[in-house]
**Student:** 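One structure, pasted below without further comment.
Keep in mind that the numbers below use all heavy atoms, side chains included, and drop hydrogens, waters and symmetry copies. Below, chain A is the first sequence line, B the second, and so on; all start at residue 1.
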Amino acid sequence: MAMLSALTFFSNYTIQQNISLVNTKATKNHEPRTLPKSSRTDKYNRQSIDVNVSDARKNHLLTESLISYVNYGDMDNALYLFEGMSKSDTFVWNVLIRGLTDNGFFREAVDLYYRMCFSGVRADKFTFPFVIKACGELCDLREGEKVHAKVYKVGLDFDVYICNALICMYAKVGDIECAERVFSKMQRRDLVSWNSMISAYAIIGDGWSSLLCIKKMQSVGIGHDKFTVLSSLKACSLLCSLIIGKEIHGQVIKSTFRSDVVVQTSLIDMYGKCGQVQYAQNLFNWIPQMSVITWNAMIGCYALNLHPLESFTCIRNMQASGLVHPDKITLINLLPSCAQVGALIPAKSIHGFAVRREFLPHLVLETTLVDMYGKLQELRLAKQVFDQMNMKNLISWNAIIAAYVQNGQSRQALKLFSDLINNHCVPDASTISSILPAYSDIASLREGKQIHGYNIKKEFSANNFITNSIIYMYARCGDLLIAQQIFDRMYNKDVISWNTIIMAYGIHGFGKESLKLFCRMRENDIEPNASTFISVLSSCSIAGLDEEGWKYFHLMKWEYGIDPQIEHYGSMLDLLGRKGDLEKAKKFIDEMSLPPTARIWGSLLSASRQHGNIELAEVAANHILSSAHDNTGCYILLSNMYAKAGRWEDVERIKGLMSEKGLAKTTGCSDIEINYKTIRFVNHDRSHLKTDKIYDVLAILLRWIGEELFVGLSKFNPVDLVRTRLNSPKCHSIRLAISYGLISVSVGKPIVIKKNVRICSDCHDAAKKISDITNREIVVGDSKIYHHFKDGKCSCKDYW
DNA sequence: ATAGGGTTAG
């Protein structure tokens with residue numbers, strides 16, 4: 001008896017002493033944890049227990065103590081106690097495995113189960129649910145299957161509790177077929193079994209199956225409870241089905257759990273996901289008591305529905321309430337709002353808050369930070385967070401790749417993409433849709449085909465977004481024919497597919513084809529949107545279809561009620577510029593309903609260059625240079641105009657301005673792909689193995705087209721001649737590539753060349769003539785459009 | 001004496 005009181009005292013003592021070391025909050029739904037290696041001290045002197053107490057009695061008392069520790073979440077001491085006990089009793093093992101699972105020590109729970117097996121202690125129907133749950137939490141399908149096999153072997157595969165646990169486990173690892181198989185083989189199903197299956201469909205994102213399962217459950221006469229409601233609300237969120245959501249809300253109001261905070265939170269979440277901020281807010285305002293999760297759901301609702309300021313107000317109110325504190329998920333939900341308002345300083349302070357609160361490292365939070373910095377155009381910070389992550393998954397990789405693509409770093413994005421594959425990650429549809437624009441940008445047909453092949457293998461072609469991107473990619477890589485074929489084979493073309501194919505023909509200068517496609521699109525009852533008209537109008541402007549361009553510009557407004565955006569205005573301005581009426585063009589800019597952007601001034605600059613109006617070019621250039629836009633091209637264009645006019649002081653002035661801003665002239669180069677290899681030429685390149693032959697061909701070509709390779713122009717004075725010769729267009733990369741193409745590409749096939757900057761007018765002229773005298777089609781993709789040179793003409797009709 | 005299903009996240 002004395003010993004008993006000693007034990008009681010001891011228990012109380014340790015529990016009180018340990019209270020700060022122990023998890024006193026809810027003991028469920030932890031993130032996975034690991035036990036510290038023997039952090040326990042020896043101040044708990046348990047040896048005193050053994051005197052005068054029978055073994056059975058002793059074990060009983062120890063077990064009670066063990067349960068106390070487990071229920072307090074003090075697994076460290078629970079394990080210590082366990083090691084000192086007789087381990088023949090299944091019950092003790094079960095208590096400890098439950099404790100580990102409940103407290104988030106999933107790997108340890110599974111390990112302890114194996115130790116139990118090896119110790120020869122039989123696992124019973126109580127053991128398996130905990131172990132199976134731990135496997136599910138670990139997302140370890142192989143481990144889960146092993147335990148399932150054992151369940152089957154010991155004949156417990158008809159136990160309702162175990163089967164229910166198996167359904168949940170299979171759902172968590174994403175194996176819905178296995179979950180369904182367990183469910184269908186059950187001889188007896190209770191409400192929990194049905195709820196588990198309903199929730200399983202919701203977990204894998206199959207809202208319809210989830211709702212259908214509820215119907216089926218009702219048809220066999222089983223009523224619902226709040227767990228059913230929670231899953232059904234999740235299904236509504238997945239389906240964005242406000243109608244069903246409201247119906248369930250109605251049922252909730254009539255039910256006994258209408259004031260349950262979990263159900264209320266779920267309703268707020270559902271309204272948020274269905275885009276109904278007002279409904280969510282009304283609920284939130286009247287909710288009797290809120291948990292941190294309720295606040296998080298409301299903040300997430302605002303962020304999701306692009307109400308960034310409200311989400312900031314919400315977190316301020318949350319902190320002012322003093323009842324709950326922001327947690328990791330609060331920040332995860334809040335961060336997109338920073339990107340939405342372009343607010344770097346709040347973003348950084350939230351990041352700092354996370355660091356101070358020791359929320360990091362945390363996979364999801366870090367990934368959100370990467371995503372947000374990417375959207376705020378802070379690539380350096382995005383990369384910094386990404387590099388510091390000690391755990392990365394596919395979603396984090398997708399975030400950093402998207403950040404690079406969105407910020408125009410296509411080459412680097414592709415490098416990361418190959419890093420991801422070398423890291424044994426398997427890209428998903430999201431990775432592919434992020435990376436495809438980068439492939440379009442680098443416009444390498446060889447690499448483009450590789451990624452296309454990968455998509456076919458992975459069966460991503462069912463995804464419209466991806467297929468549309470692939471169509472665009474082929475067009476940008478110069479292979480309009482494949483683009484067309486893929487488009488033709490799509491069986492569910494959406495408006496974006498049509499916009500893409502119209503644009504594809506547009507950038508290749510086949511404006512008439514674009515307009516035919518627009519008509520076909522209308523015949524197919526696809527309603528055009530603003531982007532459709534960007535495709536149509538830019539096709540018209542690239543091909544110089546003046547009359548048609550204006551017709552569609554007016555049609556867009558008056559028949560389809562679409563107000564012109566800056567891109568639409570830009571295309572119309574290109575058409576005006578082409579005609580050379582620069583005054584009219586200037587007037588058009590003044591009369592636009594939108595403030596002009598760099599795109600608009602760029603258009604005016606091109607027109608001024610084409611018609612040799614330096615004064616207007618300077619006006620346009622000054623506007624571009626005063627914006628934060630990347631304006632390297634603008635400097636170069638202006639500098640070339642000055643050079644052409646012999647204004648060398650101004651050329652030097654521009655050069656000075658560029659070096660002041662740290663801008664370097666982009667080295668122009670021309671790529672040609674021969675036999676799955678990309679050959680790159682720069683101006684005056686002599687690095688190719690066949691250099692002598694290439695220059696021989698070039699010399700012949702130039703003689704044919706009436707230029708001489710080694711004779712300078714005579715209309716400049718000697719000093720200018722030297723300057724001019726330094727950058728003589730006669731040996732520009734494009735001509736070297738054409739010469740090489742003529743001796744490498746089989747006769748009859750077009751010579752396709754990609755250029756990283758716009759083609760100069762001398763080379764444009766030369767290419768036309770070469771196409772004529774050699775009777776070859778030459779296709780040159782520059783940084784904006786494709787030029788198809790054939791029979792001495794170019795598809796751009798000499799305006800670009 | 002120990003069981004199973006639940007709300008917010010990139």
**Student:** Let's see if you can work this out: which of B:dT8, B:dG10, B:dA1 has an atom nearest to the side-chain heavy atoms of A:Lys273?
**Tutor:**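 Of B:dT8, B:dG10, B:dA1, B:dT8 is nearest to the side chain of A:Lys273.
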
**Student:** Please report, rounded to the nearest Å, how far the P atom of B:dA3 is from the CG atom of A:Leu100.
**Tutor:**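 Roughly 14 Å, once rounded to whole Å.
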
**Student:** Counting any heavy atom closer than 4.0 Å, what does A:Thr63 reach on the DNA or RNA strands: base, sugar-phosphate only, or nothing?
**Tutor:**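 Base contact.
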
**Student:** Taking the side chain as everything from C-beta on, heavy atoms only, tell me whether A:Val229 gets closer than 4.5 Å to A:Asp225.
**Tutor:** no

**Student:** Separation of A:Asp225 atom CG from B:dG5 atom C1', in whole Å?
**Tutor:**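 Taking CG of A:Asp225 and C1' of B:dG5, I get 8 Å after rounding.
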
**Student:** Given B:dG10, B:dA1, B:dG5, which nucleotide is nearest the side-chain atoms of A:Ser396?
**Tutor:**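 It is B:dG10.
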
**Student:** Decide yes or no, distance alone: a donor-acceptor N/O pair under 3.5 angstrom between the base of B:dG4 and the side-chain of A:Asn195.
**Tutor:** no

**Student:** Over all strands shown, is A:Asn94 touching base, sugar-phosphate only, or nothing at heavy-atom distances under 4.0 angstrom?
**Tutor:** base

**Student:** Is it the case that the ring center of A:Trp295 lies less than 6.0 angstrom away from the ring center of A:Phe284?
**Tutor:** yes

**Student:** Taking any heavy-atom pair under 4.0 Å as a contact, classify A:Val370: base, sugar-phosphate, or nothing.
**Tutor:**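 No contact.
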
**Student:** Side chain of A:Ile293, heavy atoms from C-beta onward: which of B:dT2, B:dG5, B:dT8 has the nearest atom to it?
**Tutor:**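 Given the options B:dT2, B:dG5, B:dT8, the side chain of A:Ile293 is closest to B:dT8.
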
**Student:** At under 4.0 Å between heavy atoms, what does A:Ile162 touch on the DNA or RNA strands: base, sugar-phosphate, or nothing?
**Tutor:**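 Nothing, no heavy atom under 4.0 Å.
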
**Student:** Can you find a donor-acceptor pair, distance only, under 3.5 Å between A:Thr367 side chain and B:dG10 base?
**Tutor:** yes

**Student:** Report the distance from atom CE of A:Met298 to atom P of B:dT7, rounded to the nearest whole Å.
**Tutor:**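 Rounded to the whole Å, the gap is 19 Å.
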
**Student:** To the nearest Å, how far apart are A:Ile203 CD1 and B:dT7 C1'?
**Tutor:** 13 Å

**Student:** What's the closest nucleotide to the side chain of A:Ile332 if the choices are B:dG5, B:dG10, B:dG6?
**Tutor:**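 Looking only at heavy atoms from C-beta outward on A:Ile332, the closest nucleotide is B:dG10.
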
**Student:** Using whole Å, report how far CD1 of A:Ile132 lies from P of B:dA3.
**Tutor:**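 Going from CD1 in A:Ile132 over to P in B:dA3 covers 16 Å.
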
**Student:** The side chain of A:Leu230 lies closest to which of these nucleotides: B:dA9, B:dT2, B:dG6?
**Tutor:**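 Among B:dA9, B:dT2, B:dG6, the one nearest the side chain of A:Leu230 is B:dG6.
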
**Student:** For the side chain of A:Lys133, starting at C-beta, report the closest nucleotide among B:dA9, B:dT2, B:dG5.
**Tutor:**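 Ranking B:dA9, B:dT2, B:dG5 by closest atom to the A:Lys133 side chain puts B:dG5 first.
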
**Student:** Under the criterion of centre distance below 5.5 Å and interplanar angle below 30°, is A:Phe126 classified as stacked on the base of B:dA3?
**Tutor:**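 No; by the centre-distance and plane-angle rule, A:Phe126 does not count as stacking on B:dA3.
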
**Student:** Just compare B:dA9, B:dT2, B:dA1 and give me whichever is closest to any side-chain atom of A:Asp89.
**Tutor:** B:dA1

**Student:** Within the structure shown, what part of the strands sits under 4.0 Å from A:Leu363 by heavy-atom distance: base, sugar-phosphate, or nothing?
**Tutor:** base

**Student:** Would you mind telling me which of B:dA3, B:dG10, B:dG5 lies closest to the side-chain atoms of A:Lys125?
**Tutor:**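 From the listed options, B:dA3 comes nearest.
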
**Student:** Which nucleotide sits closest to the side chain of A:Phe227: B:dG10, B:dA3, B:dG6?
**Tutor:** B:dG6

**Student:** Looking at A:Phe417 versus A:Trp397, is the centre-to-centre ring distance below 6.0 Å?
**Tutor:**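 No, the ring centres sit 6.0 Å or more apart.
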
**Student:** Select base, sugar-phosphate, or nothing to describe what A:Phe130 touches, counting heavy atoms under 4.0 Å on all strands.
**Tutor:** sugar-phosphate

**Student:** Provide, to the nearest angstrom, the distance between the CG atom belonging to A:Leu267 and the P atom belonging to B:dT8.
**Tutor:**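 One finds 12 Å between P of B:dT8 and CG of A:Leu267, rounded.
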
**Student:** Does A:Tyr170 have its ring centroid less than 6.0 Å away from the ring centroid of A:His148?
**Tutor:**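 Judged by ring-centre distance (under 6.0 Å), A:Tyr170 and A:His148 do meet the cut-off.
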
**Student:** Roughly how many Å is it from OH in A:Tyr161 to P in B:dG4, rounded to a whole number?
**Tutor:** 8 Å

**Student:** Salt bridge or not for A:Asp371 and A:Lys375, using N-O below 4.0 Å?
**Tutor:** yes

**Student:** Once hydrogens and angles are ignored, does a donor-acceptor distance under 3.5 Å link the base of B:dG4 to the side chain of A:Asp190?
**Tutor:** yes

**Student:** Base, sugar-phosphate or nothing for A:Asp327? Non-hydrogen atoms, less than 4.0 Å.
**Tutor:** nothing

**Student:** Does the side chain of A:Glu310 come within less than 4.5 Å of A:Met298's, by heavy atoms?
**Tutor:**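 They are not in side-chain contact.
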
**Student:** Which nucleotide in the set B:dG6, B:dT8, B:dG5 lies at the smallest distance from any side-chain heavy atom of A:Val262?
**Tutor:**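 Nearest nucleotide to the side chain: B:dG6.
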
**Student:** Can you tell me how the ring of A:Trp93 sits relative to the ring of A:Phe82, calling it parallel under 30°, perpendicular over 60° and tilted otherwise?
**Tutor:**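 Ring orientation of A:Trp93 relative to A:Phe82: perpendicular.
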
**Student:** Without decimals, in angstroms, what is the distance between A:Leu62 CG and B:dA1 P?
**Tutor:** 18 Å

**Student:** Taking donor-acceptor contacts at under 3.5 Å, does the side chain of A:Asn398 reach the base of B:dG10?
**Tutor:** no

